[in-house]
Protein chains: 2
Amino acid sequence: MSSLANRIEAYIKRLLAASPNSTLVLQRKELAERFRCVPSQINYVLSTRFTTELGYLVESRRGGGGFIRIRRLDLNRDKVVQIMEMLSELNSEVNKDEALDFVTRLMESRLITRRENRLMKAVLNSEFFDDQANHAEMLVCMLKVLLEDS
Amino acid sequence: MSSLANRIEAYIKRLLAASPNSTLVLQRKELAERFRCVPSQINYVLSTRFTTELGYLVESRRGGGGFIRIRRLDLNRDKVVQIMEMLSELNSEVNKDEALDFVTRLMESRLITRRENRLMKAVLNSEFFDDQANHAEMLVCMLKVLLEDS
DNA sequence: GCAAATTTGTCCTTTTTTGACTATTGTTAT
DNA sequence: ATAACAATAGTCAAAAAAGGACAAATTTGC
């Protein structure tokens with residue numbers, strides 16, 4: 001028995017597929033009314049089926065005229081594969097030097113520009129990260145942006 | 001969807017883009033009539049979307065023949081250098097929102113790309129800076145990299 | 001039967017819209 | 001010149017219109 005969440009998921013995917021630019025803008029309230037459910041059900045569906053990991057980008061805005069924008073990231077397959085492979089290599093503990101080397105490799109693979117390379121390194125080198133040593137997290141944060149690029 | 005405020009914003013930006021000197025003079029009442037809204041809605045749009053932080057200058061005059069003049073101030077490299085110098089001096093005076101607005105300006109003035117814009121915002125938005133709150137320093141750090149480039 | 005997934009409800013935050021009241025400037029009649 | 005009046009724009013706060021977070025309740029799949 002197809003659950004409500006499944007049906008909402010299917011509905012959104014159908015609309016996305018029909019959208020020329022893989023982007024969909026809708027209203028939570030409206031969608032909830034269509035499926036006769038509470039609005040927070042929509043959040044549940046979005047947070048379980050339209051995550052970044054699954055290749056979706058969800059943005060929203062509150063207030064009058066508020067909306068939810070869902071984008072399917074039609075990524076250049078090769079790029080995704082490359083970055084994923086590179087990522088999975090160093091997903092555990094990454095220190096600063098490894099993070100910097102990784103950025104260099106991204107540039108050498110032409111996945112980022114020279115400017116982006118320098119920008120990322122400047123961030124990683126900044127004093128903020130010297131003690132905290134959360135270079136890996138910052139790196140992933142920046143990589144997500146690159147993955148979002150259609 | 002697109003709220004009234006968004007539509008008014010878009011309308012003004014369209015007129016601004018079409019204006020040779022990036023300046024626009026209009027009347028609040030007239031604009032309100034065009035969009036069939038209360039005049040103060042115009043003030044709302046101006047104060048949320050055409051702020052100094054976002055690079056706009058708004059002047060006005062009341063009374064008969066009153067008007068509102070909106071000017072877009074484009075950034076160039078020299079100005080950014082100046083701003084950076086100011087920034088690095090008055091470090092703690094810049095909060096996150098101001099930093100984000102500035103990045104938006106950089107992009108609209110074509111000094112950085114869309115990707116760089118997103119990258120920088122991701123960094124500024126990252127949880128690392130939430131408590132430390134030295135957004136200005138990070139911003140300057142990133143700007144230096146971008147400006148030393150040709 | 002239990003754990004995971006789903007569904008619902010409640011309270012909260014953000015953004016927009018509206019309206020009443022105020023302030024300023026230009027125009028006109030005296 | 002001045003007083004009234006008309007024509008603008010500004011301020012501010014309340015109400016309305018979204019969406020978010022999170023946890024309790026319920027259902028489903030092993």
Side-chain angles (χ1 to χ4, degrees), chain A residues 1-13 15-16 23-54 56-71, chain B residues 1-13 15-16 23-54 56-71 95-101 104 121 124-127 130:
Chain A
M1 217 250 311
S2 183
S3 74
L4 175 56
N6 285 147
R7 280 184 290 121
I8 296 175
E9 176 192 4
Y11 177 74
I12 293 175
K13 287 189 171 164
L15 291 185
L16 265 180
T23 299
L24 180 59
V25 178
L26 43 75
Q27 289 198 285
R28 187 178 82 148
K29 195 182 145 218
E30 198 183 71
L31 190 53
E33 271 163 11
R34 173 185 299 272
F35 284 93
R36 310 229 170 92
C37 65
V38 291
S40 54
Q41 175 72 281
I42 307 303
N43 293 84
Y44 175 68
V45 173
L46 291 177
S47 65
T48 56
R49 281 120 158 117
F50 293 89
T51 63
T52 309
E53 287 71 24
L54 292 170
Y56 294 92
L57 190 62
V58 177
E59 301 159 285
S60 65
R61 185 144 190 164
R62 307 184 186 194
F67 61 86
I68 293 179
R69 178 164 46 228
I70 305 168
R71 192 147 56 101
Chain B
M1 212 87 23
S2 200
S3 70
L4 175 57
N6 286 147
R7 281 183 287 120
I8 296 174
E9 176 192 5
Y11 177 74
I12 293 175
K13 286 191 170 164
L15 291 185
L16 265 179
T23 300
L24 180 60
V25 178
L26 42 74
Q27 288 198 289
R28 185 177 83 148
K29 197 182 144 214
E30 196 183 74
L31 190 53
E33 270 164 12
R34 173 187 298 272
F35 284 94
R36 304 220 180 93
C37 64
V38 293
S40 57
Q41 175 72 274
I42 307 304
N43 293 85
Y44 174 70
V45 173
L46 292 176
S47 66
T48 55
R49 285 124 157 106
F50 293 88
T51 64
T52 310
E53 285 76 20
L54 290 169
Y56 294 92
L57 193 60
V58 177
E59 301 159 283
S60 65
R61 186 139 185 186
R62 308 182 188 195
F67 61 87
I68 292 179
R69 178 165 46 225
I70 305 169
R71 193 142 42 114
N95 65 33
K96 177 162 134 182
D97 286 338
E98 290 166 340
L100 292 174
D101 281 348
T104 298
K121 283 181 179 165
L124 290 169
N125 269 319
S126 108
E127 46 194 31
D130 266 359

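Letters A, B, ... are given to chains in the order of the sequence lines, protein chains preceding strands, and every chain is numbered from 1. Quantities reported herein were computed from a predicted structural model and do not represent experimental measurements.
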Contact pattern, 5' to 3', of nucleotides 19-30 of chain C - B, S or - by protein heavy atom under 4.0 Å: B---BBBS----
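Taking only side-chain atoms of B:Ile68, from C-beta outward, the nucleotide of C:dT17, D:dG20, D:dA9 with the closest atom is D:dA9. Side-chain proximity of B:Gln27 to the nucleotides D:dT8, C:dT6, D:dG10 is greatest for D:dT8. Picking from C:dT7, C:dT17, D:dA9 the nucleotide with the shortest atom distance to the side chain of A:Tyr44 gives C:dT7.
Note that OG1 of A:Thr51 is 10.5 Å distant from CG of A:Leu46, once rounded to the nearest 0.5 Å. From B:Leu124, atom CG reaches atom CG of B:Asn95 across 11.0 Å, with rounding to the nearest 0.5 Å. Note: A:Ile70 CD1 to A:Leu15 CG = 8.5 Å, rounded to the nearest 0.5 Å. With values rounded to the nearest 0.5 angstrom, B:Leu31 atom CG is found 7.5 Å from B:Ile68 atom CD1. Interatomic distance, A:Thr48 OG1 to A:Glu9 CD, rounded to the nearest 0.5 Å: 7.5 Å.
Protein atom CZ of B:Arg7 is 8 Å distant from nucleotide atom P of C:dT17, rounded to whole Å. Going from atom CD of A:Glu59 over to atom P of D:dG20 covers 12 Å, rounded to whole Å. Distance A:Asn43 CG to D:dA23 C1': 14 Å, rounded to the nearest Å. We find that CD of A:Glu9 is positioned 16 Å from C1' of C:dT7, with the value rounded to whole Å. In this structure, A:Phe67 places its CZ atom 10 Å from P of D:dG19, rounding to the nearest Å. Between the CZ atom of A:Arg28 and the P atom of C:dC12 there is a distance of 15 Å, given to the nearest Å. For B:Ile8 and C:dT17, the CD1 to C1' distance is 10 Å, given to the nearest whole Å. Here the C1' atom of nucleotide C:dT15 and the NZ atom of A:Lys29 are 15 Å apart, to the nearest Å.
Taking B:Phe67 as the reference, nothing meets the ring-ring contact (aromatic ring centres under 6.0 Å, His included) condition, with sequence neighbours excluded. When the ring-ring contact (aromatic ring centres under 6.0 Å, His included) test is applied to A:Phe50, the partners found at least two apart in sequence or on another chain are A:Tyr56.
In this structure, A:Ile42 reaches neither bases nor backbone, as no heavy-atom distance under 4.0 Å exists between it and the strands shown. Residue contacts for A:Arg36: at a heavy-atom cut-off of 4.0 Å it reaches no nucleic acid atom on any strand shown.
Axis angle between the ends of the helix from C:dG1-D:dC30 to C:dT30-D:dA1, five pairs each and rounded to 10 degrees, works out to 20°.
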Which atom pairs, one a donor and one an acceptor, fall under 3.5 Å between side chains of residues 57-65 of chain B and the rest of the protein, sequence neighbours left out?
from: B:Glu59; atom 1: OE1; to: B:Arg69; atom 2: NE; distance (Å): 3.1

Show me the side-chain donor-acceptor pairs of residues 33-41 of chain B shorter than 3.5 Å, one per line, residues at least two apart or across chains.
from: B:Arg34; atom 1: NE; to: B:Tyr11; atom 2: OH; distance (Å): 3.1
from: B:Arg34; atom 1: NH2; to: B:Tyr11; atom 2: OH; distance (Å): 3.3

